[in-house]
Amino acid sequence: MSGLVTGDAVVLGLQPARLPSRALAVLIDLVAVWAAYLLITLGLAVATASLDEAAVMAVSVASFLLVLIGAPIAVETLSHGRSLGKLACGLRVVRDDGGPIRFRHALVRGAMGVVEIMMTFGVVALVASLVSERGRRLGDVFAGTLVVRERIPAARVLAVPPPPPWLVGRFTGVDLSAVPEALWLEVRQYLTRARELDPVVGRRLAERLADELVTRTGTPPPAGVPADAFLAGMVAERQARDARRAFAPAGAGAVPGAVPPAPVPAASVVDPPVPPVSPVVVSPAASPVAAPPVVAPPVGGASVESGARATGFAPPA
């Protein structure tokens, strides 16, 4: 990576293009440009067959300048540094500060390219690229540009090896909240690269990481469990918790601070159910109604008077 510093003191990590990829891009560009030049030359030869020798020579020089020099400059200017060959190889021409090139940068590169690529068959450009620290030819040096790689292969992601089956679920109740992310990253990197390390160095590194985990969690490994298996079990437990937290349905689990509902008392079996009594709504405009007279119960089993209404009340004996 090339540490380019912008005007705002920002370091850019750009990867300069290597000589084989640049040579392949130049070869593709030359093949495309010369094919177009030959086709245009044949067309102009047929079109200018009736002209004199001076006119034919002027048309030939103009086509040479426009196709072999002007066309690459125009393509690099309009595509911001990506010609046909650079687009195929995943390359781009940028300024020294990492910004896109303009017409003056493409013009200087194209003018110098005629000398160091076409006239010398690429020998000058090859020597300059080998001498330069960042692989720049003379056109890049005079124009203040740099050819960088746009398509960088992604790093190969290695999976963390699973813990032994008899160790799965042994760390369910361990508190992992005090373990920082930097320590988890170190543990994962060790587990993915453990087979590439020296056995003695790997064992010491695993023991150191296991001691740090024990200090953070307060849970020592089970008796007889090696340090690397303990690290794998702890990482598997953290991944399982993250998966449950990520894929848990919304609203699952108890809500912190929620008040549980009051328990509903069971219905009494001894007491009979009391029917609800609907309240009597009395309109203020309605006239008062006199209550019916209460007639005392007859003494000695006497009959009730004919004009009195029975209340249905039975006095106690």
Side-chain angles (χ1 to χ4, degrees), residues 1-41 43-44 58-154:
M1 304 300 287
S2 176
L4 301 181
V5 182
T6 64
D8 299 331
V10 178
V11 180
L12 300 178
L14 300 178
Q15 185 173 357
R18 297 182 179 180
L19 183 59
S21 58
R22 293 194 60 179
L24 180 60
V26 171
L27 180 61
I28 295 175
D29 291 337
L30 289 178
V31 170
V33 169
W34 279 101
Y37 176 70
L38 292 177
L39 293 177
I40 293 176
T41 301
L44 292 177
V59 172
S60 300
V61 172
S63 63
F64 176 83
L65 295 176
L66 290 177
V67 177
L68 296 182
I69 301 177
I73 294 174
V75 169
E76 282 196 355
T77 303
L78 297 177
S79 62
H80 299 290
R82 288 190 301 178
S83 61
L84 181 62
K86 292 180 177 61
L87 184 63
C89 297
L91 308 180
R92 179 192 285 269
V93 182
V94 297
R95 301 197 305 260
D96 280 339
D97 58 354
I101 64 173
R102 298 181 180 178
F103 173 73
R104 60 185 180 88
H105 304 95
L107 179 60
V108 175
R109 281 175 49 82
M112 293 298 300
V114 175
V115 178
E116 60 179 339
I117 295 179
M118 294 185 180
M119 293 185 177
T120 61
F121 299 99
V123 176
V124 176
L126 177 62
V127 174
S129 299
L130 292 176
V131 173
S132 176
E133 181 182 359
R134 293 184 291 181
R136 302 197 301 175
R137 61 181 179 89
L138 294 181
D140 295 320
V141 175
F142 285 104
T145 57
L146 175 67
V147 181
V148 298
R149 298 185 61 182
E150 275 193 322
R151 294 195 299 263
I152 299 177

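- In this structure the side chain of Glu150 never reaches within 4.5 angstrom of the side chain of Val94, judged on heavy atoms.
- Between atom CZ of residue Arg18 and atom CG of residue Leu24 there is a gap of 14.5 Å, rounded to the nearest 0.5 Å.
- The heavy-atom pair separating Val75 from Arg82 by the smallest distance is CG1-O, 4.2 Å.
- Looking at Leu19 and Leu130, their side chains come closer than 4.5 Å, going by heavy atoms from C-beta outward.
- Summarising the geometry of Ala88 relative to Ile28, their closest heavy-atom pair is CB-CD1, 4.2 Å, with the distance given to 0.1 Å.
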Indicate every side-chain donor-acceptor pair of residues 61-74 with a distance under 3.5 Å to a residue at least two apart or in another chain.
residue, atom, partner, partner atom, Å
Ser63, OG, Val59, O, 3.2
Ser63, OG, Ser60, O, 2.7

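- Arg134 places a side-chain heavy atom less than 4.5 Å from the side chain of Leu146.
- Across all their heavy atoms, Ser21 and Cys89 have their closest contact at O-SG, 3.9 Å.
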Quiz: residues 112-128 side-chain donor-acceptor pairs under 3.5 angstrom, not counting sequence neighbours:
residue, atom, partner, partner atom, Å
Glu116, OE1, Leu138, N, 3.2
Glu116, OE2, Arg137, NH1, 2.3
Glu116, OE2, Gly139, N, 2.9
Thr120, OG1, Val115, O, 3.3
Thr120, OG1, Glu116, O, 3.0

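- Atom-to-atom distance recorded for Arg22:CZ and Arg136:CZ is 9.5 Å, nearest 0.5 angstrom.
- Side-chain atoms of Pro100 and Arg95, non-hydrogen and from C-beta on, do get closer than 4.5 Å to each other.
- Using modelled atom types, no side-chain atom of Arg149 and backbone atom of Leu91 make a donor-acceptor pair closer than 3.5 Å.
- Taking the salt bridge (Lys or Arg N to Asp or Glu O under 4.0 Å) definition, one finds that Arg109 meets it with Glu76, Asp140, sequence neighbours left out.
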